[in-house]
Amino acid sequence: MLLWWWVRLHNLLQLPAFIDEGAHLQWARLVWRLQPFHGASDGKLLGIWLGAALWPFAGGLWLLRVAGLLLGACGFAALLATAQRWLGVRAAGVAAALFIVVPHAHFFERMAVADAISPALLILVVWSSLHALTGQRTRTWAAICGGLLAAAVLAKLSNLVFAAIPFLIALVWLRPAAWRSQLLALLKVYLAAFILLLPVWFALTLVHSDMGFDLLVRKGPHTLAETIVETGKIVRSLPSIIAVYWTMPLFALASLLWAAGLAGRKRMALFCGFAAAAFLMLVVTRSTDGMFESRYLLPMLPLLALLAGAGAEQLLGAVRARAQMLLALVALGAAVPALQFVWLTWVAPQQLPLGAFPDRWEYITGWPSGYALRAAAAGLAARNVPVTVVTVDQGSWERLQAHLPYGSQVSAVVRPLQEWRAGILPPGMQRDDLLLLDHPRDDALPQQLGVSLSAVETYYRPQREAWVTLYRVQPAP
């Protein structure tokens with residue numbers, strides 16, 4: 001646990017705020033203005049509420065990320081407990097080690113995005129379902145499992161698929177002599193989740209929120225032909241995702257362990273293999289290439305770690321001590337590229353080999369990343385003079401706010417395009433205010449705004465493919 005905490009927390013702010021993190025931080029702050037449901041339109045509430053509970057104003061971005069890691073720590077503990085109870089001590093060690101070093105988990109768990117807490121919630125649902133459906137105190141554990149299932153849905157609406165986990169566990173661990181009690185426990189799990197979600201649903205209907213269902217539908221294909229085409233595109237992108245977020249040596253080692261785990265035919269291994277495969281199939285068939293993100297695959301990771309642990313238990317139990325030492329050395333060698341990835345997240349995330357598009361563009365070089373905006377916030381704060389910075393889009397304003405020191409003399413405001421009139425400053429904007437534009441995305445905006453601009457300062461993102469410029473604004477004569 002301590003190793004996981006250190007690896008995840010070290011230099012946590014090295015990567016600047018991604019566009020989604022800026023929005024989540026702003027929504028978390030609005031909770032303190034009694035506006036807790038801003039994330040509902042995206043189907044994301046739990047991470048925002050957790051961040052709000054830590055008073056995300058001074059050091060807001062760090063606190064928002066730590067809020068996610070607090071839940072991640074609970075998930076990691078559940079991973080250890082599940083592996084040790086149902087697979088063995090060695091399996092728990094291997095599953096934990098793999099989950100700590102795999103770049104996919106490490107990179108995204110250090111970000112405050114809804115997908116980052118989904119793996120923790122999945123393994124918590126698995127852990128509590130096993131207790132509810134195979135243990136003695138079924139009523140208590142059914143309530144806990146239902147609560148965790150409700151939390152998963154509130155974290156991200158697409159986590160509704162986690163509702164299948166208790167049912168699958170009931171099938172895999174079915175005891176013919178106790179099937180009635182297992183069925184009753186299963187019904188209690190779903191009843192508890194329903195009761196906890198009902199008041200949230202009722203509150204969201206009062207504020208006329210679509211609860212993210214509309215976005216969920218729009219992200220997926222709508223016809224069989226579109227499903228086939230889009231699935232093919234996503235499947236072809238998977239090898240590059242594996243190469244980046246697993247590294248090929250680690251993936252090869254994990255594949256060997258997965259094969260050994262499935263060959264051992266333990267219930268836990270078979271459950272993890274089937275659940276991971278089903279989740280992968282669901283994600284790739286219900287997404288479109290333009291909307292698919294590598295982070296959507298994160299919930300598979302605890303299942304794959306458990307399956308690898310089962311394989312390690314199988315292999316290590318069949319060989320002598322010398323062979324075990326050799327396997328440990330092979331595993332250490334296979335983990336070297338992944339450890340290099342982890343090191344870069346600590347010292348130079350702009351050098352991470354994320355691939356050209358979309359991940360490197362989103363998180364490092366393109367306008368959705370926080371690079372350049374963080375530098376602009378630091379440069380403005382260093383002037384130590386009152387200044388107002390105006391942005392035209394919400395995303396730039398949110399990320400600039402995320403990086404400005406709490407109580408700074410720099411005031412950031414957003415003036416949407418519809419507030420501008422040709423040649424006239426928007427209401428409330430003064431001549432001394434600075435306008436922030438993100439290029440090349442905003443290249444056409446000066447002409448649309450109908451004002452004259454003179455550049456004050458420019459801040460570049462890595463590789464200089466995109467940059468942020470602060471301007472003085474002169475109304476048209």
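Count residues from 1 along the sequence.
The shortest distance between side-chain heavy atoms of L25 and Q401 does not fall below 4.5 Å. I364 has its side chain out of reach of R461: every pair of non-hydrogen atoms, C-beta onward, lies at least 4.5 Å apart. Residues R415 and L435 have side chains not in contact (no heavy-atom distance under 4.5 Å, counting atoms from C-beta outward). You'll find the side chain of I19 reaches within 4.5 Å of the side chain of W367, heavy atoms only. Proximity of E313 to K266: side-chain heavy atoms (C-beta onward) are separated by under 4.5 Å at one or more points. You'll find the side chain of P368 reaches within 4.5 Å of the side chain of W361, heavy atoms only. Contact check for F107 versus L354: side-chain heavy atoms found under the 4.5 Å cut-off. Residues F271 and W86 form no side-chain contact, since every pair of their non-hydrogen atoms from C-beta on lies 4.5 Å or further apart.
Distance check, rounded to the nearest 0.5 Å: CG of L301 to CH2 of W246 gives 6.0 Å. How far CE of M268 is from CG of L307: 11.0 Å, rounded to the nearest 0.5 Å. Rounded to the nearest 0.5 Å, atoms NE2 (H104) and CG (L297) are 5.5 Å apart. The CG atom of L417 lies 6.0 Å from the CG atom of L449; values are rounded to the nearest 0.5 Å. Distance check: I242 CD1 to T247 OG1 gives 11.0 Å after rounding to the nearest 0.5 Å.
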Give the intermediate values and the outcome of side-chain contact (heavy atoms from CB on, under 4.5 Å) for residues D438 and V392. CA-CA 10 Å; D438 203 323; V392 180; over 6 Å; no

Should L404 and V389 be marked as a side-chain contact (heavy atoms from CB on, under 4.5 Å) after you check the CA-CA gap, both sets of side-chain angles, and the distance that decides it? CA-CA 11 Å; L404 286 171; V389 180; over 6 Å; no

Where do L400 and V410 land on the side-chain contact (heavy atoms from CB on, under 4.5 Å) test, with the steps shown first? CA-CA 10 Å; L400 188 66; V410 181; 5.7 Å; no

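Judged purely by atom type and a 3.5 angstrom limit, R399 has no side-chain atom pairing as donor or acceptor with the backbone of Y371. Looking at Q14, its side chain never comes within 3.5 Å of a backbone N or O of T345 through a donor-acceptor pair. A donor-acceptor pair under 3.5 Å is absent between the side-chain atoms of W258 and the main chain of G273, judged by distance alone. No donor-acceptor pair closer than 3.5 Å links the side chain of T231 to the backbone N or O of I228. Although no hydrogens or angles enter the test, the distance criterion places a donor-acceptor pair under 3.5 Å between the side chain of W397 and the main chain of A412. In this structure, R267 contributes its side chain and I169 its backbone to no donor-acceptor pair below 3.5 Å.
Scanning for side-chain contact (heavy atoms from CB on, under 4.5 Å) contacts around Y190 gives L149, A163, P166, F167, L186, with sequence neighbours left out. For E230, the side-chain contact (heavy atoms from CB on, under 4.5 Å) criterion is met by E226, K233, T288, D289, not counting sequence neighbours. In terms of the side-chain contact (heavy atoms from CB on, under 4.5 Å) criterion, residue partners of H38 (sequence neighbours excluded) are, by chain and number, W27, L30, Q35. With sequence neighbours excluded, no residue forms a ring pair (Phe, Tyr, Trp, His ring centres under 6.0 Å) with F341. Remark: A455 pairs with T469, Y471 by the side-chain contact (heavy atoms from CB on, under 4.5 Å) rule, at least two apart or across chains.
Taking the centre of each ring, F108 and Y363 come in below the 6.0 Å mark.
Residues P249 and P337 approach most closely at CG-CG, 3.9 Å, considering heavy atoms. Residues F18 and V113 share a closest heavy-atom pair of CD2-CG1, 4.1 Å. Taking each heavy atom of A155 and L121 in turn, the nearest pair found is CB-CD1, 3.5 Å. Annotation for L79 and P302: closest pair CD1-O, 3.8 Å, computed over non-hydrogen atoms. Across A96 and L80, no two heavy atoms sit closer than the pair CB-CD2, 3.5 Å. Listed here is the closest heavy atom pair of A112 and H24: O-ND1, 3.1 Å.
Residue W62 qualifies as open at atom CH2: its count of foreign heavy atoms under 6.0 Å is 12 or below. Remark: W201 CH2 is loosely packed, at most 12 non-hydrogen atoms of other residues, nucleotides or ligands lying under 6.0 Å away.
Taking the six-membered ring where the residue is Trp, W4 and F76 present parallel rings, their angle staying beneath 30° rather than reaching 60°.
For residues 110-133, the side chain to side chain donor-acceptor pair (under 3.5 Å) pairs, not counting sequence neighbours, are D115-K156, D115-R295, S118-N159, W127-H131.
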